[in-house]
Amino acid sequence: MSQLVDSWGRKITYLRVSITDRCNYRCIYCQPEKHFNFIPHPEILRYEEIIEIINEAVDLGVTKVRITGGEPLIRKGIIDFIKKLKKIKRLEDISLTTNGYFLTEYAEKLKNAGLKRVNISLDSLQKDKYSQITQGGDLEKALKGIDSAILAGLLPIKINTVLIRGINDEEVENFVKLALERPLCIRFIELMPSLEEIIDNYKDKFISGLDIKENLAKKYSFNPIKTDSDNGPAKYYQIEGGKGTIGFITALSQHFCQTCNRIRLTSEGKIRPCLFSNQEIDLKKALREVGNRGEDQILRRKVIRNKIELAVKLKPKGHKIKEGISNSLSFKMSRVGG
Ligand code: SAM
């Protein structure tokens, strides 16, 4: 069996796929513009193309796929797409990241289609603050969505909370209380300098996950949970007496590049070896230059495999972005797939 290994000896087993750059929210740190220039539909990868690419990636050793966006649940045909993914042999784990808005409607259908688990973004537990951060989002809908995901058994549920100084940093303890009361894994995520809007005053907005952890440790007892490096970038802790857990994603203050096992497929069909490097390999262009008749299938597979292997080879050893320091890197998380 094949195994993708990058130039630094890391096994690449995880593919994150943005299936749309569109979203029903306009989170202030992600897609803040009211009139976002969305990628035209013909430039977005078709589901069949995504399945074709994932098939090859799995053949090359990828075992985990996360579907994200934009908001993946606004793309039509998502349930059938997940059903098709589920049929890929050797694909062990299919998960999805969502803002939760559509989960009351979709959680059970997703579970039945073969989705294993969900990550849900939730940056505030206050109605008005939630609406401010998401620019019009509905906290009630997100909370109901979480309930539906628990009921449907899309477990374990990870909650993604991006902390921004002066906006939601005073809510950290409320999130810890949520982890005490409910079987959720709350992950505090460091704000990344992805957009020009963020880069402006980034230093003031950034909060280090290490500082948050240190502060919490003064008040709460929590013990590290042992995970293998395959288990993602977060470090997890069990809070004493709690039903849930907390985690810290310190992409900047304590980067985890040495254990990075992922590459990304953007919504417009480019493979991005590292989130923090704008280098991308255009797979869609190469694939669409090949025909799609019976006799073209071998060539199509070859093109996909070559591009994936190239992307893995080009994956940098690590990123050089320092915590709280702005840089010239500007990218759309919704397009790349957060
Ligand atoms: N719409 C879905 C959602 O809201 O979860 C999936 C897409 S969203 C881009 C995925 C994740 O990216 C979210 O959990 C969000 O917190 C994270 N994200 C986006 N921009 C970010 C930034 N500048 N810094 C840190 N995390 C970011």
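Everything numeric in this text was worked out from a predicted model, so none of it was measured. We count ligands from 1, going down the list as the structure has it; atoms in each ligand are counted the same way.
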Handout entry: Parallel, tilted or perpendicular: rings of Phe331 and Phe276 (30°, 60°)
Key = perpendicular
Exercise for the section: Identify which one of Leu85, Leu115, Thr97 satisfies the side-chain contact (heavy atoms from CB on, under 4.5 Å) criterion when paired with Ile67. Expected result: Leu85
Exercise for the section: Measure the acute angle between the ring planes of Phe188 and Phe248, then classify it against the limits of 30° and 60° as parallel, tilted or perpendicular. Expected result: tilted
Problem - Nearest-neighbour protein heavy atom for atom 10 (C) of ligand 1, which is reported as residue plus atom name and distance - result: Gly338 C, 3.6 Å
Exercise for the section: Output the distance between atom CG (Leu143) and atom CZ (Arg182), rounded to the nearest 0.5 Å. Expected result: 8.5 Å
Exercise for the section: Say whether Glu190 and ligand 1 are in contact under the criterion: heavy-atom distance to a ligand atom below 4.0 Å. Expected result: yes
Problem - From Leu15, Thr13, Ile54, residue fulfilling side-chain contact (heavy atoms from CB on, under 4.5 Å) relative to Val62 - result: Leu15
Handout entry: Other residues, nucleotides, ligands: >12 heavy atoms within 6.0 Å of Lys144 NZ
Key = no
Practice task
Please report which non-hydrogen protein atom sits nearest to atom 26 (N) of ligand 1, along with the residue it belongs to and the distance in Å to one decimal place.
Solution key: Val162 CG2, 3.5 Å
Practice task
Using distance alone, determine whether Ser194 and ligand 1 share an N or O pair under 3.5 Å.
Solution key: yes
Exercise for the section: Provide the number and element of each atom of ligand 1 under 4.0 Å from a heavy atom of Gly69. Expected result: 7 (C), 9 (C)
Practice task
Return a yes/no value for Ser334: is any of its N or O atoms, backbone included, closer than 3.5 angstrom to an N or O of ligand 1?
Solution key: no
Problem - Among Lys332, Arg46, Lys284, Arg335, salt bridge (charged side-chain N to carboxylate O under 4.0 Å, His left out) partner for Glu268 - result: Arg335
Practice task
Report yes if Ser121 has an N/O atom closer than 3.5 Å to an N/O atom of ligand 1; otherwise report no.
Solution key: yes
Handout entry: Within-cut-off N or O pair, Gly70 and ligand 1, under 3.5 Å
Key = yes
Exercise for the section: Evaluate the ring planes of His255 and His319, with Trp represented by its six-membered ring, and classify them as parallel (under 30°), tilted (30 to 60°) or perpendicular (over 60°). Expected result: tilted
Problem - Residue Thr97 vicinity, atoms of ligand 1 by number, heavy atom under 4.0 Å - result: 2 (C), 5 (O), 6 (C), 10 (C)
Practice task
Name the closest protein heavy atom to atom 19 (C) of ligand 1, giving the residue it belongs to and the distance to 0.1 Å.
Solution key: Met333 CG, 3.3 Å
Exercise for the section: Within a distance under 4.0 Å of any heavy atom of Asn160, pick out the atoms of ligand 1 and give their elements. Expected result: 14 (O)
Practice task
Measure the spacing between CD1 of Ile88 and NZ of Lys86 and express it to the nearest 0.5 Å.
Solution key: 11.0 Å
Completion exercise
atom 17 (C) of ligand 1: closest protein heavy atom, distance to 0.1 Å, is Tyr29 CE1, 4.4 Å
Problem - ligand 1 to Met192 polar contact by distance, N or O atoms, under 3.5 Å - result: yes
Handout entry: Ligand-residue contact atoms, ligand 1 with Thr98, heavy atoms, under 4.0 Å
Key = 2 (C), 3 (C), 4 (O), 5 (O)
Fill in the blank from the handout: Note: ligand 1 atoms sitting under 4.0 Å from heavy atoms of Thr68 are 6 (C), 7 (C)
Completion exercise
One should read off an interatomic distance between Thr68 OG1 and Ile19 CD1, to the nearest 0.5 angstrom, of 8.5 Å
